[in-house]
Amino acid sequence: MLCRAQLLALSTPRLAPAVTTIGRGKLPSVVARVRRGVATRAARNPAESVLDSLKGVLGIGGGSQSASSYTSADEMVPIDSGVYFEDNAPSWQELQQMVDAKGWEEPDLENGPTHPRALLRLFGEKEPKLTLWRDSAAWCPYCQKVWMQLEEKRIPYKIVKENMRCYGAKSPEYLKKAPSGLLPAMELNGRFYTESDAIMALLEQSFPDYNPLLPPRGTESSQRVPGLLRLERRLFSAWLGWLTSAWANESNRRTFEQTMDLVNAELGKQPGAYFLDDFSLVDCVFAPFLERIAASILYYKGLKVRGDGRWPNIDAWFNEMETRPTFAGIKSDIFTHVFDLPPQIGGCEFTADGEAIAGQLDGSDSGAWRLPLPPLTSTSLECHAPGEQPERDTLQAAARLVQNHEAVTKFSLRGPGAPGKPPVSAPLADPNALAALEYLPAADAAMRHVAHALLVGPDAKQGGQHALRIASSSGPSAYDTGAVALAAGYLRDRVGVPRDLPLPAARQLRAHCNWLIDNLQAA
């Protein structure tokens, strides 16, 4: 069994500390994509020009801002497009009844499959045996591998969520335990531990009867483990060397591809799809970074790591991993990764090949993230071997929206609101943002239209009494579209995977937000 010191020796380097600016090179244009809202689409739709003129005032257009340019609550201005929509969507109570009628059942967060919202995991036992601290947004790769190990071993544990530096402050209680603020952390038998590899080694040593994830000592498989862990760090270095650099592109690409060749070869040394004879701790260690590699190298560099046949054993590994409830419950998506990585590692650099494909992945191309959505497969642009079930996925998105509608609606109003002080470096997060709550009735009506479209389908909705319609004038049951369009765009761009929804359901919610925006702007 690997000792703590061996795992620690193989764990460096860590991701660089979060920075207070938004990175280097072309990253401001990336942030513009994330913060595009409706305002930055005026070139595609003349009806958006009113909103476009306000983006500088509201600080939501593109690029990063200095603290002095942020708008206070007192300075927020009304957003009046002069176009109104009818508040004729079903009530939240009626929508909940529709969700229930479709047979939606809430997941068992304590004992069921892996779920990012869980705060206590018992696996049928009565009490947790330890406490895990991980990041709130499920962005941290080091948290992810410990999280997956605990889920695979089925050790009962309690979860406490803390912010990463790039999107908020940590609680005073946590900083008393961990003055460095590092995540993940674990408390076991009254002692507190940080550093993911030390935690993983300790879990294997302390809970040998809970599904061991390392092969017995002295076996051929156990002799492969140290070399595989060194290869994971080599891959990490080659990945970041290309991803974060605008220099020596061809050389950095060759180094990355040669290292991927080595990983692919190691995966081919046994009959199954995993690194060893069966799923092991090695897969837990590789999983967070192979997932982020597949997302970021496609988006920023234009190279399809998965699903293109270049590395067939890596393809098979991904496909097999996605059959595991643990990985399925933890796995993120391309959009979330490519915007949560820059504030963690200091910036990512585009190539021309990446620029050419990025809009299809981040929704900024005119046809992207719109209904009908292209199918998800093991070889689609965003690979997802389990595929999708649109009826299930739209129901899951609708159920989450309906059950959490008050918080979601208020959150969306950060779009027409103002950025927070102090600013944070993560473009997908702004915990101090000011929501424009004066538009709450309008946003509430809009979110009910989105939920209804998810439940019955846009075509059926538009053919019935609850169709989303433009009103001839303002009135007690009609609202201006301006702030609502910004709110829907803000929500669309901040649906996190897996934090809020799994990928198939998240893409449905994003596309239905676009359906709302497009219909409001059609006038």
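This is a predicted model, so every value here is computed, not measured. Just the heavy atoms: all of them, side chains too, but no hydrogens, waters or symmetry mates, feed the values below.
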Practice item. Report the C-alpha separation of Leu381 and Leu298 in whole Å, then their side-chain angles, then the decisive distance to 0.1 Å, and conclude whether the side-chain contact (heavy atoms from CB on, under 4.5 Å) test is met. Key: CA-CA 9 Å; Leu381 185 60; Leu298 175 61; 4.3 Å; yes

Practice item. Using a 4.5 Å cut-off on heavy atoms from C-beta on, say whether the side chain of Tyr439 contacts that of Leu486. Key: no

Practice item. Look only at the side chain of Arg414 and the backbone of Ser412, and say whether a donor-acceptor pair between them is shorter than 3.5 Å. Key: no

**Study point:** Minimum-distance pair of heavy atoms, taken over all atoms of Thr114 and Ile330
**Key:** CG2-CG1, 3.8 Å

Check your understanding: For the residue pair Phe335 and Trp369, does the interplanar ring angle fall in the parallel (under 30°), tilted (30 to 60°) or perpendicular (over 60°) class?
Key -> perpendicular

Review point. With no hydrogens and no angle check, do the side chains of Ser296 and Trp239 hold a donor and an acceptor under 3.5 Å apart?
Key: yes

Study note, to complete from the structure: d(Asp444 CG, Ser91 OG) to nearest 0.5 Å is 10.0 Å

Point to revise | Beyond-backbone contact of Gln521 with Val83, side-chain heavy atoms, under 4.5 angstrom | key: no

Exercise for review: Quick one: which residue pairs count as a ring pair (Phe, Tyr, Trp, His ring centres under 6.0 Å) with a foot in residues 470-489, not counting sequence neighbours?
Suggested key: none

Review point. So, does Asn88 use its side chain to make a donor-acceptor pair with the main chain of Ala467 at under 3.5 Å?
Key: yes

Could you pull out every donor-acceptor pair under 3.5 Å between side chains of residues 171-180 and any protein atom, sequence neighbours left out?
| from | atom 1 | to | atom 2 | distance (Å) |
| --- | --- | --- | --- | --- |
| Ser171 | OG | Glu162 | OE1 | 3.4 |
| Ser171 | OG | Glu162 | OE2 | 2.6 |
| Ser171 | OG | Tyr174 | N | 3.1 |
| Tyr174 | OH | Leu182 | O | 2.4 |
| Lys177 | NZ | Glu187 | OE2 | 3.1 |
| Ser180 | OG | Leu182 | N | 3.3 |

Exercise for review: Determine, stepwise, if the pair Leu516 / Phe85 fulfils side-chain contact (heavy atoms from CB on, under 4.5 Å).
Suggested key: CA-CA 11 Å; Leu516 174 79; Phe85 72 100; 6.0 Å; no

Check your understanding: In chain order, what residues pass the salt bridge (charged side-chain N to carboxylate O under 4.0 Å, His left out) check against Lys331, with sequence neighbours excluded?
Key -> Glu322

Review point. What do you reckon, is CD of Glu94 surrounded by more than 12 foreign heavy atoms closer than 6.0 Å?
Key: yes

Review point. Does the separation of the ring centres of Phe411 and Tyr490 fall below 6.0 angstrom?
Key: yes

Point to revise | Under 3.5 Å: donor-acceptor pair, side chain of Asn252, backbone of Ala248 | key: yes

**Study point:** Rounded distance [0.5 Å steps], NZ in Lys161 versus CG in Asp135
**Key:** 9.5 Å

Point to revise | Distance-minimising heavy-atom pair for Val424 and Ala429 | key: CG2-O, 3.0 Å

Check your understanding: CG of Leu454 to CD of Gln396: how many Å apart, nearest 0.5 Å?
Key -> 11.5 Å

Check your understanding: Is Asp197 close to Lys145 at the side-chain level, that is, under 4.5 Å between some pair of heavy atoms?
Key -> yes

**Study point:** With Tyr84, the side-chain contact (heavy atoms from CB on, under 4.5 Å) member among Leu520, Asp480, Ile470, Thr481
**Key:** Asp480

Review point. Does one side chain, of Gln344 or Tyr167, offer a donor that lies under 3.5 Å from an acceptor on the other?
Key: no

Point to revise | Beyond-backbone contact of Val305 with Phe256, side-chain heavy atoms, under 4.5 angstrom | key: yes

Practice item. Give the C-alpha distance, both sets of side-chain angles, the deciding distance and a yes or no for side-chain contact (heavy atoms from CB on, under 4.5 Å) between Lys170 and Trp133. Key: CA-CA 11 Å; Lys170 290 181 171 63; Trp133 281 262; over 6 Å; no

Check your understanding: Considering residues, nucleotides and ligands other than Glu106, do more than 12 of their heavy atoms fall under 6.0 Å from its CD?
Key -> yes

Review point. Say you draw a straight line from CD of Glu195 to CG of Leu202; how long is it, rounded to the nearest 0.5 Å?
Key: 13.5 Å

**Study point:** Whether His452 and His466 hold their rings parallel, tilted or perpendicular, with breakpoints at 30° and 60°
**Key:** perpendicular

**Study point:** Sidechain-backbone polar pair: Glu382 side chain, Ile334 backbone, donor-acceptor under 3.5 Å
**Key:** yes

Exercise for review: Over all heavy atoms of both residues, which pair between Ala451 and Leu95 is shortest? Give the atoms and the distance, please.
Suggested key: CB-CD1, 4.0 Å

Exercise for review: With rounding to the nearest 0.5 Å, note down the distance linking CG in Leu468 to CG in Asn519.
Suggested key: 5.0 Å

Check your understanding: More than 12 heavy atoms of other residues, nucleotides or ligands under 6.0 Å from NZ of Lys410: is that the case?
Key -> no

Exercise for review: Say whether, by atom type as modelled, one donor and one acceptor occur between the side chain of Tyr299 and the main chain of Asp362 under 3.5 angstrom.
Suggested key: no

Exercise for review: Could you verify whether a donor N or O on one side chain and an acceptor N or O on the other, from Asp87 and His449, lie under 3.5 Å apart?
Suggested key: no

Point to revise | Student check: side-chain heavy atoms of Pro128 and Leu122 closer than 4.5 Å | key: yes

Practice item. Show the numbers, then the answer: is there a side-chain contact (heavy atoms from CB on, under 4.5 Å) between Arg121 and Glu110? Key: CA-CA 4 Å; Arg121 299 287 283 159; Glu110 292 187 1; 5.7 Å; no

Study note, to complete from the structure: Heavy-atom closest pair (Leu120 atom, Ile159 atom, distance to 0.1 Å) is N-CD1, 3.7 Å

Check your understanding: Does the side chain of Leu109 reach to within under 4.5 Å of the side chain of Leu119, using non-hydrogen atoms?
Key -> no

Anything under 3.5 Å between a donor and an acceptor, one on a side chain of residues 284-294, the other on a protein residue two or more places apart or in another chain? List them.
| from | atom 1 | to | atom 2 | distance (Å) |
| --- | --- | --- | --- | --- |
| Glu291 | OE1 | Gln144 | NE2 | 3.0 |
| Glu291 | OE2 | Ser332 | N | 2.6 |
| Glu291 | OE2 | His337 | NE2 | 2.7 |
| Arg292 | NH1 | Gln144 | OE1 | 2.7 |
| Arg292 | NH1 | Pro288 | O | 2.8 |
| Arg292 | NH2 | Trp139 | O | 2.9 |
| Arg292 | NH2 | Gln144 | OE1 | 3.2 |

Check your understanding: How about Tyr157 and Met186: do any of their side-chain heavy atoms sit closer than 4.5 Å?
Key -> no

Study note, to complete from the structure: Heavy atoms of Asp430 and Gly420 approach each other most closely as OD2-N, 2.9 Å

Exercise for review: For the residue pair Val146 and Leu132, establish whether any side-chain heavy-atom pair is separated by less than 4.5 Å.
Suggested key: yes

Point to revise | NZ/Lys304: more than 12 non-hydrogen atoms of other groups inside 6.0 Å | key: yes

Practice item. Measure the spacing between SG of Cys166 and CD1 of Ile345 and express it to the nearest 0.5 Å. Key: 11.0 Å

Name each donor-acceptor pair under 3.5 Å that joins a side chain in residues 496-512 to protein atoms two or more places apart or in another chain, with its distance.
| from | atom 1 | to | atom 2 | distance (Å) |
| --- | --- | --- | --- | --- |
| Arg499 | NH2 | Arg494 | O | 3.1 |
| Asp500 | OD2 | Gly496 | N | 2.6 |
| Arg507 | NH1 | Pro374 | O | 3.2 |
| Arg507 | NH1 | Glu388 | OE1 | 2.8 |
| Arg507 | NH2 | Pro374 | O | 2.8 |
| Arg510 | NH1 | Asp333 | OD2 | 2.8 |
| Arg510 | NH2 | Asp333 | OD2 | 3.1 |
| Arg510 | NH2 | Val495 | O | 2.8 |
| His512 | ND1 | Gln508 | O | 2.8 |

Review point. If you take all heavy atoms of Gly489 and Ile517, which pair is closest and at what distance?
Key: N-CD1, 3.6 Å

Exercise for review: Quick one: list whatever passes side chain to side chain donor-acceptor pair (under 3.5 Å) with Asp353, sequence neighbours left out.
Suggested key: none

